[in-house]
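The next block holds one structure in the form of structure tokens; read it before the comments.
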Amino acid sequence: MQDSFVANRETKLGRIRDRGIDPYPPRYRRTCDNARAIAVFEAVEAESRPAADAEGLSLAGRIVSMRVMGRAAFLDLQDASGSIQALLRKNNLGDGFELLKDLDIGDHLGVEGSLIRTRTGEITLDAARAVIIAKGMRPLPEKYHGLRDTETRYRQRYLDLIANRENMDVFRLRSRVISGIRRFLDARGFLEVDTPVLVPVAAGAHARPFITHHNALDRQLYLRIATELYLKRLIVGGFDKVYEIGRVFRNEGIDQDHNPEFTLLESYEAYADYNDVMEMVEQMISRLAAEATGSAQVAVGGQVIDFTPPWRRVSLREELQRRGGIDLDACPPSEKGAGELQRRAAALGVDTGIRESRGRIIDKLLSALVEPHLTQPTFMLDYPEEMSPLAKAKPGAPGYVERFEAFACGMEIANSYTELNDPQTQRQRFEEQEDIRRLYQDEEVDRLDEDFLTAMEYGMPPTGGLGIGIDRLVMLLSGQRAIRDVMLFPQMRTLPG
RNA sequence: GGGCCGUUAGCUCAGCAAGGCAGAGCACCGGACUUUUAAUCCGGGUGUCGUGGGUUCGAUCCCCACACGGCCCA
């Protein structure tokens, strides 16, 4: 068993305590982090700082490797900024050198002393004092190969972060993306808000909700599947520009780009339409790319994606015609279902269910025929009405709404409408969705939110709305292939026992 | 939901084709070593071979089921 590893460390822990040393002291004050210390020493060497700045420093970190040579030892101490080598010598430490016998890889150590450069040229803290600041009781993954096992990497993300240091950069990038979004929207006068996660109606997107129960109210509640309808209530309330970056929950499968909970940005801007939103999206994402990666041209899987505005704009109808030879207007909605459209899809090898709504078939056609070709950032415009019950009709184009989705690398990165603000039409659209649900036994359709309709009846200004899946955006900007590689704690099955 | 691949020491992986005492490197334990850096040298395997059945004199290996993970498809 691994107990022998733990038992060894328990013995060492006991010896440390027997010497009257607390292996878990409440705090450790360090002068600076490791990267800073190295920068300071380089400045001292360049004589741009006084030599005294390299003396009397306190540094700290996790021991990630040790090279012990009798009465001296080199330890690599890792903190968030990087690693620094510490030199422990019996000469300098005296009785304190005894501690070395009870140190293990994984322990956190504090060292005080002066920075030197060793014979081999490495900047090193020559320790006059060494203090254990937290004993590790389990062995860490191997130093050379790191931690490869994907399952352990996701289940014990901390080990992944310790052993595969470069993965930290993905999450740093993610943080920069999110803070960049806030900066961008705040600067444009948007108000960040929080809307309910526990909701009585799971509406605003096509998705199955998680169901929960509130004891005191003795009623069923859902976890939100979108923030859309609450943010629109705030537009009704008179906030001109609102956004929320929040977790939403969809009770669906888990795969390369789906996790049951994920982070969604939604924004709504009164008096704007989807053209304004398009401009905002290309501005925002090109800036995020530049801030997060250093350039608006990002290398993803061997190709360079250039987010510099303006992005290409294509019409959904024309793309479907061009890529699949299908004219949507020649395949109108029919009472008996999708009819002709379904036959055309089947002929193209696009697998559709026996009974599927026109919207779902179009969605599948787009996924199969069009979206894979949208490599460089592209807006696809003007979606069929039955795919978009919350979007406003496009003038002069019956059956279509003012909606776009943005794609890059074949992946959807944004979705936007000129929002429907006519309460009577909205009610009608909701009812049509309910009909579709009954007809096709399709659970993944919007549920009618009566309270939201009431809000809209008080008058909602014309509004441009936007949704961006943050996780997928981070995948794109960091070149990660799986959503679980941009989420710190992806959903996993429970292990037996 | 379907197909394929994987699960062996703390970690990274061999071994299984053709069933016969469980292997390596790192880590760890003991010893040497005061400028090393995948430190070096000497000595030491620390294991529920994912779980449960089956076949067999004998199963990590062959068969079945299940669990978990990955890839592809839906």
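Per chain, numbering begins at 1; letters A, B, ... match sequence-line order.
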Counting Watson-Crick and G-U wobble pairs only, both distances under 3.5 Å, name the nucleotide matched with B:G69, or none. B:C5
For B:C62, the Watson-Crick or wobble counterpart (both distances under 3.5 Å): B:G54
If you draw a 6.0 Å radius around CZ in A:Arg172, do more than 12 non-hydrogen atoms from other residues or ligands fall strictly inside? yes
Nearest-nucleotide pick for A:Thr150, side chain only, options being B:G69, B:C26, B:C28: B:G69
Which one is paired to B:A38, where only Watson-Crick or G-U wobble pairs with both distances under 3.5 angstrom count? none
Does a nitrogen or oxygen in the side chain of A:Gln256 sit under 4.0 Å from OP1 or OP2 of B:C72? yes
Mind checking if A:Lys101 touches a base, just sugar-phosphate, or nothing, with heavy atoms under 4.0 Å? nothing
Assigned partner base of B:G23, Watson-Crick or wobble definition, under 3.5 Å: B:C13
Taking CD from A:Gln491 and C1' from B:G69, how many angstroms apart are they, rounded to a whole number? 15 Å
Between B:G70, B:C29, B:C72, which nucleotide has the shortest distance from any of its atoms to the side chain of A:Arg481? B:C72
Taking only the C1' atom of each, what is the distance from B:C11 to B:C63 in whole angstrom? 32 Å
Distance between the C1' atoms of B:G53 and B:C72, in whole angstroms? 31 Å
Show me the protein contacts with nucleotides 65-68 of chain B, counting only N or O atoms at under 3.5 Å.
residue : atom : partner  : partner atom : Å
B:C68   : O3'  : A:Arg155 : NH2          : 2.9
B:C68   : O2'  : A:Glu151 : OE1          : 3.1
B:C68   : O2'  : A:Glu151 : OE2          : 2.1
B:C68   : O2'  : A:Arg155 : NH2          : 3.4

List the atom pairs, donor and acceptor, that lie under 3.5 Å between side-chain atoms in residues 34-41 of chain A and the rest of the protein, sequence neighbours left out.
residue : atom : partner : partner atom : Å
A:Asn34 : ND2  : A:Leu77 : O            : 3.1
A:Asn34 : ND2  : A:Asp79 : OD1          : 3.4
A:Asn34 : ND2  : A:Asp79 : OD2          : 3.3
A:Asn34 : ND2  : A:Gly82 : O            : 3.1

Contact list for residues 64-75 of chain A, test salt bridge (Lys or Arg N to Asp or Glu O under 4.0 Å), sequence neighbours left out: A:Arg67-A:Asp76
Tell me which nucleotide, if any, is Watson-Crick or G-U wobble paired with B:U48 when both distances must be under 3.5 Å. none
Restricting to pairs with a member in residues 37-47 of chain A, which pass side chain to side chain donor-acceptor pair (under 3.5 Å), not counting sequence neighbours? A:Glu45-A:Arg117
Can you tell whether the side chains of A:Asp160 and A:Arg153 come within less than 4.0 Å, N to carboxylate O? yes
note: A:Arg138, atom CZ; B:C28, atom P; distance rounded to Å ~ 17 Å
Please report, to 0.1 Å, the donor-acceptor pairs under 3.5 Å made by any side chain of residues 405-415 of chain A, with sequence neighbours excluded.
residue  : atom : partner  : partner atom : Å
A:Glu405 : OE2  : A:Arg403 : NH2          : 2.7
A:Asn415 : OD1  : A:Arg403 : NE           : 3.0
A:Asn415 : OD1  : A:Arg403 : NH2          : 3.4

B:G70, B:U12, B:A27: which one has an atom nearest the side-chain heavy atoms of A:Phe5? B:A27
Looking at B:G70, B:U34, B:C13, which one has an atom nearest to any side-chain atom of A:Arg89? B:U34
Here the salt bridge (Lys or Arg N to Asp or Glu O under 4.0 Å) pairs for residues 88-97 of chain A, sequence neighbours left out, are A:Arg89-A:Asp126
On RNA chain B, more 5' by nearest nucleotide between A:Asn8 and A:Thr152 is A:Thr152
Between B:G20 and B:G1, how far is it from one P atom to the other, in whole Å? 38 Å
Rounding to an integer number of angstrom, what distance separates B:C5 and B:G58 when you compare their C1' atoms? 29 Å
A:Asp149 has a side chain; which of B:U35, B:U12, B:G10 sits nearest to it? B:U12
Among the nucleotides B:U36, B:U12, B:G70, which one has an atom lying closest to any side-chain atom of A:Arg67? B:U36
Can you tell which of B:U35, B:A27, B:C11 lies closest to the side chain of A:Ile116? B:U35
How close or far is atom P of B:G70 from atom CG of A:Leu147, stated in whole angstroms? 14 Å
B:C33 and B:G25: how far apart are their C1' atoms, nearest whole angstrom? 23 Å
Among B:C72, B:A39, B:U35, which is the nearest nucleotide to the side chain of A:Thr118? B:U35
Rounding to the closest angstrom, what is the interatomic distance between B:G3 and B:G45 at atom C1'? 40 Å
Separation of atom CD in A:Glu10 from atom P in B:G10, rounded to whole Å: 16 Å
Run the side-chain contact (heavy atoms from CB on, under 4.5 Å) check on A:Arg437 and A:Arg447 step by step: do they pass? CA-CA 9 Å; A:Arg437 174 147 63 145; A:Arg447 288 143 189 84; 3.6 Å; yes
Is it the case that B:U36 (base atoms only) and A:Glu122 (side chain only) share a donor and an acceptor within less than 3.5 Å, ignoring hydrogens and angles? no
Does A:Arg484 reach a base, just sugar-phosphate, or nothing at all? Heavy atoms under 4.0 Å. sugar-phosphate
Considering only heavy atoms and no angle criterion, is a donor-acceptor pair shorter than 3.5 Å present between the side chain of A:Arg71 and the base of B:U34? no
The answer to which of A:Met69 and A:Leu87 contacts RNA chain B further toward the 5' end, by nearest nucleotide, is A:Leu87
Nearest-angstrom distance, P atom, B:C13 to B:G6: 14 Å
Rounding to an integer number of Å, can you tell me how far A:Ile63 CD1 sits from B:C28 P? 11 Å
Measuring only the C1' atom in each nucleotide, how far is B:G52 from B:A9? A whole number of Å is fine. 23 Å
Shortest non-hydrogen contact from A:Glu98 to A:Lys101? OE1-NZ, 2.8 Å
When you measure from the side chain of A:Lys143, which nucleotide among B:C26, B:C71, B:C28 comes out closest? B:C26
Check every strand shown and say whether A:Gly146 touches a base, only sugar-phosphate, or nothing at a heavy-atom separation below 4.0 Å. sugar-phosphate
For A:Arg313, does the CZ atom have more than 12 heavy-atom neighbours from other residues, nucleotides or ligands under 6.0 Å away? yes
Kindly say if A:Gln85 contacts the phosphate of B:U36, meaning a side-chain N or O under 4.0 Å from OP1 or OP2. no
B:U35 phosphate, OP1 or OP2, under 4.0 Å from A:Lys90 side-chain N/O: no
